[in-house]
Number of protein chains: 2
Amino acid sequence: MKENSKKTRPIWLDEDLKVIKIIDQRRLPHEFVIEDLKTVDDVIMAIKEMYVRGAPLIGATAAYGVYLAALNSPGTTISKDYLKKECGRIKSARPTAVNLIWAADRVLSKILEVKNARKVIDIAKEEAEKIADEESDNCRKIGEHGLKLIEEISRNKKGKTVNILTHCNAGWLACVEYGTATAPIYAAFDTGIDVHVWVDETRPLNQGARLTAWELGEYGVKHTVITDNAGGHLMQHGMVDMVIVGTDRTTYTGDVANKIGTYLKALAAKDNNIPFYVALPSSTFDWSLQNGINEIPIEKRDPDEIRYIQGLDNNTIRSVLVPPPKSHVANYAFDVTPARLVTGFITERGICKATENDIKRLFPEKRQAKMTA
Amino acid sequence: MKENSKKTRPIWLDEDLKVIKIIDQRRLPHEFVIEDLKTVDDVIMAIKEMYVRGAPLIGATAAYGVYLAALNSPGTTISKDYLKKECGRIKSARPTAVNLIWAADRVLSKILEVKNARKVIDIAKEEAEKIADEESDNCRKIGEHGLKLIEEISRNKKGKTVNILTHCNAGWLACVEYGTATAPIYAAFDTGIDVHVWVDETRPLNQGARLTAWELGEYGVKHTVITDNAGGHLMQHGMVDMVIVGTDRTTYTGDVANKIGTYLKALAAKDNNIPFYVALPSSTFDWSLQNGINEIPIEKRDPDEIRYIQGLDNNTIRSVLVPPPKSHVANYAFDVTPARLVTGFITERGICKATENDIKRLFPEKRQAKMTA
């Protein structure tokens with residue numbers, strides 16, 4: 001990461017250890033605002049309203065949220081029922097990203113084991129910090145593994161520009177550092193490969209146009225913002241060498257829930273014989289689900305996120321209404337890309353195919369997952 | 001059409017016969033503004049800047065443009081060279097919609113035949129009006145033929161809601177009356193079929209959210225605006241019975257150029273076994289082109305159409321900037337859907353498959369098209 005990016009994670013514990021600091025991602029790229037989360041309610045609001053977003057970051061925020069629950073426990077002792085209830089509230093803030101459940105449960109189960117009640121808060125803090133650090137480390141490794149794929153394309157193209165298409169933001173803003181989908185891109189850029197990124201704007205909340213474009217620009221990576229409609233045309237004309245996206249939940253069979261519209265890009269990649277990779281830390285696998293389309297809950301969000309589009313006018317952030325006020329609007333936030341359309345997964349342990357067998361080759365401890373989940 | 005829609009075409013000749021009246025479609029749905037076109041330059045500007053858009057309407061506007069050229073001819077006689085030059089300028093206003101070339105050339109060739117110089121203006125006016133009326137009639141017939149497809153789905157669903165997805169605006173605003181893709185929908189609504197339309201917002205210029213939603217709402221047709229990203233998810237979950245779109249240029253082999261993103265919806269329809277129909281008057285066939293992806297020119301428009309999104313704020317139409325100001329942006333306006341993804345064409349002469357043979361079954365006079373075009 002460059003100096004300016006390296007200094008900042010999208011989430012960190014303040015020096016006084018009582019406040020979680022986050023970047024309010026709703027206001028980027030036009031305003032860089034840091035917000036304080038002091039309570040479990042603050043954490044839930046920040047996740048629900050998407051001050052923070054992206055599966056790994058939602059997980060880290062949830063982990064810090066369980067720490068805040070312990071820290072702010074009413075009374076003189078910390079009740080296990082209270083902790084479970086608060087953890088449950090955090091876990092239901094959003095339905096699709098499995099990291100939310102995974103991270104909150106991991107901190108909770110750690111502190112429920114603690115015999116010495118006075119140590120609960122310290123242990124919660126340690127576990128939350130550990131999750132954030134591990135996710136950062138996982139993303140760094142995803143970058144190393146994914147780099148090899150980009151190096152190979154670059155070699156095959158004899159050093160000509162490698163064009164990578166990505167959807168939504170699976171950058172460091174969505175994670176803790178490096179990003180998932182962007183980690184191989186940053187790694188390629190750092191090694192001097194000529195890389196260019198097609199950035200889907202990603203309606204309705206424009207995380208591509210607002211966040212991915214901002215991240216890549218700050219880092220100095222060449223990129224071009226396009227509408228979500230454009231990727232198929234680019235692929236038909238040989239202008240995309242590879243697609244890399246993130247994911248909010250992936251079944252152990254390889255079905256991928258990600259930002260709405262991902263499925264359409266996967267279809268176009270398949271139709272044009274372009275590799276379609278999904279980058280994820282293992283925390284994003286759901287080892288209990290077999291059929292993504294039938295089993296992964298898809299969030300429906302406020303239609304006003306589609307009706308009103310936010311941007312800068314005259315140095316002020318404003319929202320403008322696009323459709324007729326009376327028209328009905330529906331806002332599906334994710335879709336599921338079936339495993340058959342995925343070329344492979346880039347994980348912290350390496351690259352695998354989108355099949356149960358190959359996923360479990362990398363994660364052999366999960367071979368019994370379906371039974372034990 | 002309901003009273004309020006019936007009264008208005010998106011283009012008409014004013015009573016004094018010297019001014020072409022158009023609806024400024026850039027300002028809908030929030031403002032209904034009628035503009036005057038008095039010169040060929042006005043016509044070119046209105047087409048380029050998309051005051052008018054949609055292949056059939058671009059054609060009608062071009063036809064009236066050639067009339068204005070004749071009307072405003074400098075000097076005492078109307079020079080054929082002048083008419084050809086003005087017609088050429090009109091034809092190069094936009095590159096993709098073939099109706100533009102077809103309609104302008106049709107008026108030009110008609111008036112170039114005229115022996116009596118004093119009749120040139122009258123004949124130009126008559127031919128332009130004839131094109132507008134014929135296109136209206138063609139759309140009415142497209143509605144009648146397409147209605148049969150919707151009736152069949154309704155019967156198979158035992159009267160339950162028929163859900164139709166459409167992309168961009170191929171409604172009466174894009175044509176002269178009825179629309180192409182919307183004509184079967186309006187016809188189905190008029191016969192009492194329970195029909196609901198999924199309206200892709202259609203970035204970057206949001207013709208779906210702004211124009212199709214407005215048209216359908218005015219007519220009373222149930223509809224829901226969705227992001228361009230959402231259609232695949234809806235199709236996976238059985239929420240779309242049929243896709244109908246328009247087209248800007250279709251090869252005689254069945255490849256379809258239409259608004260960017262159409263190809264992605266066609267892929268999703270194929271993947272989910274959902275019928276994908278393209279509605280078009282025969283003026284939108286290009287009888288000279290065999291390979292749509294290689295041969296149809298795809299317009300690249302101003303990136304600011306993506307950067308700035310227009311809508312209503314506080315009763316004022318404003319534009320807001322979404323991506324970082326320094327980010328590069330590319331604006332591809334159309335893509336090409338290969339014939340293999342198209343279930344059929346709905347034309348004024350009936351329905352045919354997307355094959356050269358079946359297209360020429362309906363248009364036998366074009367059997368020698370490739371040679372004579």
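Just so you know, these numbers use all the heavy atoms, side chains as well, and skip hydrogens, waters and symmetry mates. It should be emphasised that the depicted structure is a prediction, and the values quoted were computed from it without experimental measurement.
Gln236(A) and Pro338(B) make their closest contact through NE2-CD, 4.0 Å (heavy atoms, listed as atom of the first residue, atom of the second, distance). Heavy-atom minimum distance, Ser319(A) versus Asp313(B): O-OD1, 3.7 Å. Contact detail for Pro29(A) and Pro323(B): the closest heavy-atom pair is CG-C, 4.0 Å. Of all non-hydrogen atoms in Arg318(B) and Val320(A), the two that sit nearest each other are O-CG1, 4.0 Å. Contact between Pro324(B) and Ala209(A) at its shortest, heavy atoms only, is CD-O, 3.0 Å.
Asn229(B) places a side-chain N or O within donor-acceptor distance of the main-chain N or O of Arg203(A), the cut-off being under 3.5 Å.
Residue contact with chain B, scored on non-hydrogen atoms closer than 4.5 Å, is absent for Leu216(A). In this structure, chain A has heavy atoms under 4.5 Å from both the backbone and the side chain of His223(B). With a 4.5 angstrom heavy-atom cutoff, Asp228(A) touches chain B via backbone and side-chain atoms both. Tyr308(A) does not touch chain B: none of its heavy atoms, backbone or side chain, sits under 4.5 Å away. With a 4.5 angstrom heavy-atom cutoff, Ile317(B) does not touch chain A via any of its atoms. For Leu211(B), no part lies under 4.5 angstrom from a heavy atom of chain A. Interface remark: Gln310(A) contributes backbone atoms only to the contact with chain B (heavy atom separation under 4.5 Å).
Within a 6.0 Å sphere centred on NZ of Lys160(A), heavy atoms belonging to other residues, nucleotides or ligands number 12 at most.
Options Lys222(A), Lys270(A), His167(A) differ in how many heavy-atom pairs under 4.5 Å they form with chain B, and the most are formed by His167(A). Counting heavy-atom pairs closer than 4.5 Å to chain A, the top residue among Asn206(B), Asn294(B), Leu321(B), Leu234(B) is Leu321(B). Contact count versus chain A (heavy atoms, under 4.5 Å) is highest, among Ile260(B), Val329(B), Thr212(B), for Ile260(B). Between chain A and the residues Leu264(B), Asn331(B), Leu28(B), Asp335(B), the most heavy-atom pairs under 4.5 angstrom are made by Leu264(B). Of the listed residues (Asp200(B), Ile293(B), Asn314(B)), the one with the most heavy-atom contacts under 4.5 Å to chain A is Ile293(B).
We find the CD1-CD1 distance between Ile226(B) and Ile306(A) to be 8.0 Å, quoted to the nearest 0.5 Å. How far CG of Leu267(B) is from CE of Met235(A): 9.5 Å, rounded to the nearest 0.5 Å.
Taking the six-membered ring where the residue is Trp, His233(A) and Tyr332(B) present tilted rings, their angle falling between 30° and 60°.
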- Carefully, step by step, assess Val322(A) and Glu201(B) under the rule side chain to side chain contact (heavy atoms under 4.5 Å, CB included). CA-CA 9 Å; Val322(A) 174; Glu201(B) 59 180 6; 5.8 Å; no
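Ion pairing between a basic and an acidic side chain is recognised when a charged N comes within 4.0 Å of a carboxylate O; Asp271(B) and Arg340(A) show such pairing.
Residues His328(A) and Val225(B) have side chains not in contact (no heavy-atom distance under 4.5 Å, counting atoms from C-beta outward).
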